[in-house]
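For reference, the structure is listed below as structure tokens.
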Amino acid sequence: MSKVQKTVLILAALVALVIGLTVYKVLMVDRGPNQAELLDAGIVLLPQPREVPDVTLVDQDGQPVAMDELDGRWRLLFFGYTFCPDICPATLAELRQLRGMLPAPTRDALQPVLVSVDPNRDTPEQLKRYLGFFGPEFVGLTGELDAIQTLANSVGIPFIPADTTQENYTVDHSGNLVIIGPDGHQRGFIRAPLNNEKLAEQLPALIGSEG
């Protein structure tokens, strides 16, 4: 075999290697997060992103928030309330712990949001005091009950409004979280109870797939 032939073979091998690596990279990107592993972590993605309704709520600083204009970041919506005796403080504490387990880029891209199912008692001031126990990155939303119910029903997390005439009433609600993507559309759910170890493994891949 001549020197020219050897050079051609080497160049051809290098080109084939580059093409192979490129195809592999494209295929891996197209695959995205492993669906079975996401499900094992409690993450259920919708077949298609779902629009959120055009309702406006109020945050813990008293500022209006248009729900159909949420974009730029991933958000985890939890429908709960500050007077909840059990599931709400436990879930928010788990979210605080989860944030500490995530790499910085994922943590910065992900914002936990408490949507109150008890607007009768959850004023912006009350939300701000309560969420202060969990961290400044937590956002609270309250507003008209009808608007909150419209949002909750639309994203598949209905709740039963309480009889506010009763003393120390409680509200029946879900512990699941709603995943809102950076485009402001609902992407799926995270089932309760939260498995922080598995979520910490899977959320970076999910969020990084659109980073």
Side-chain angles (χ1 to χ4, degrees), residues 21-22 24-46 49-50 52 57-63 65-80 82 87-116 124 127-142 151 155 157 174-211:
L21 290 173
T22 301
Y24 175 78
K25 183 177 180 180
V26 169
L27 289 175
M28 291 303 292
V29 169
D30 287 344
R31 281 181 56 197
N34 185 290
Q35 298 299 313
E37 292 179 353
L38 289 176
L39 286 172
D40 185 52
I43 300 172
V44 181
L45 298 181
L46 299 175
R50 179 188 299 168
V52 298
L57 301 178
V58 179
D59 69 15
Q60 75 272 22
D61 295 317
Q63 299 301 309
V65 176
M67 297 305 299
D68 63 337
E69 295 180 1
L70 289 179
D71 56 20
R73 298 181 71 181
W74 290 81
R75 290 174 172 85
L76 296 180
L77 269 57
F78 173 57
F79 288 80
T82 67
I87 186 173
C88 298
T91 299
L92 293 171
E94 288 170 341
L95 284 173
R96 178 179 59 189
Q97 179 190 52
L98 174 61
R99 286 181 58 80
M101 300 167 65
L102 294 171
T106 305
R107 184 170 62 249
D108 294 342
L110 188 64
Q111 184 176 60
V113 180
L114 171 64
V115 182
S116 176
L127 284 172
K128 192 165 189 173
R129 282 193 297 269
Y130 185 76
L131 293 175
F133 293 107
F134 302 100
E137 67 277 1
F138 281 73
V139 168
L141 297 176
T142 187
L151 175 63
V155 297
I157 308 288
S174 171
N176 293 341
L177 307 179
V178 177
I179 304 172
I180 303 293
D183 59 357
H185 287 59
Q186 181 185 4
R187 299 304 184 83
F189 306 90
I190 297 179
R191 297 192 306 259
L194 304 184
N195 187 324
N196 278 355
E197 287 73 20
K198 292 183 178 180
L199 286 172
E201 293 176 358
Q202 298 305 317
L203 285 174
L206 174 64
I207 291 175
S209 67
E210 297 193 22

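Treat the numbers as computed from the prediction; the structure is a model and nothing was measured.
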Kindly indicate whether the side chain of Val44, heavy atoms from C-beta on, has any atom under 4.5 Å from the side chain of Ile179.
no
If we only count heavy atoms from C-beta on, is the Leu76 to Val113 side-chain gap below 4.5 Å?
no
Taking side chain as C-beta onward, heavy atoms only, is Asn34 less than 4.5 Å from Leu38?
no
Answer yes or no: is there a donor N or O on one side and an acceptor on the other, between the side chain of Arg50 and the main chain of Gly188, under 3.5 Å?
no
Counting N and O atoms only, with roles assigned by atom type, does the side chain of Gln186 sit under 3.5 Å from a partner on the main chain of Val155, one being a donor and the other an acceptor?
yes
Only pairs under 3.5 Å count here: list side-chain donor-acceptor contacts from residues 103-111, not counting sequence neighbours, and write none if there are none.
{"from": "Arg107", "atom 1": "NH1", "to": "Leu102", "atom 2": "O", "distance (Å)": "2.7"}
{"from": "Gln111", "atom 1": "OE1", "to": "Arg75", "atom 2": "NE", "distance (Å)": "3.2"}

Are the side chains of Leu141 and Leu114 in touch, meaning some heavy atoms are under 4.5 Å apart?
no
Lys128 vs Leu131 side-chain heavy atoms within contact, under 4.5 Å
no
Between Val139 and Gln60, is the side chain to side chain contact (heavy atoms under 4.5 Å, CB included) condition met? List the steps.
CA-CA 7 Å; Val139 168; Gln60 75 272 22; 3.7 Å; yes
Treating Asn176 as the side-chain partner and Ala192 as the backbone partner, does any N or O pair qualify as donor plus acceptor under 3.5 Å?
yes
By ring pair (Phe, Tyr, Trp, His ring centres under 6.0 Å), Phe134 pairs with (sequence neighbours left out) Tyr130
Are the side chains of Asp183 and Asp71 in touch, meaning some heavy atoms are under 4.5 Å apart?
no
With rounding to the nearest 0.5 Å, note down the distance linking CG in Leu98 to CD in Glu197.
9.5 Å
Apply side chain to side chain contact (heavy atoms under 4.5 Å, CB included) to Leu203 and Ile43, showing your working.
CA-CA 9 Å; Leu203 285 174; Ile43 300 172; 4.0 Å; yes
Specify the closest pair of heavy atoms between Gly80 and Cys88, including all atoms of both residues, with the distance to one decimal.
CA-SG, 3.6 Å
Donor-acceptor contact below 3.5 Å, side chain Gln202 vs main chain Ala41
no
Step by step, would you call Met67 with Leu57 a side chain to side chain contact (heavy atoms under 4.5 Å, CB included)?
CA-CA 7 Å; Met67 297 305 299; Leu57 301 178; 4.1 Å; yes
Measuring only between side-chain heavy atoms, which start at C-beta, is Phe189 closer than 4.5 Å to Leu45?
no
Should Ile157 and Phe78 count as side-chain neighbours, where that means a heavy-atom distance under 4.5 Å?
no
Under 3.5 Å donor-acceptor pairs involving side-chain atoms of residues 90-97, not counting sequence neighbours:
{"from": "Thr91", "atom 1": "OG1", "to": "Ile87", "atom 2": "O", "distance (Å)": "2.7"}
{"from": "Arg96", "atom 1": "NH1", "to": "Phe133", "atom 2": "O", "distance (Å)": "2.8"}
{"from": "Gln97", "atom 1": "OE1", "to": "Asn196", "atom 2": "ND2", "distance (Å)": "2.7"}

Output the distance between atom CZ (Phe79) and atom CG (Leu151), rounded to the nearest 0.5 Å.
4.0 Å
Using modelled atom types only, decide if a donor and an acceptor are shared between the side chain of Asp61 and the backbone of Gln63 within a distance under 3.5 Å.
no
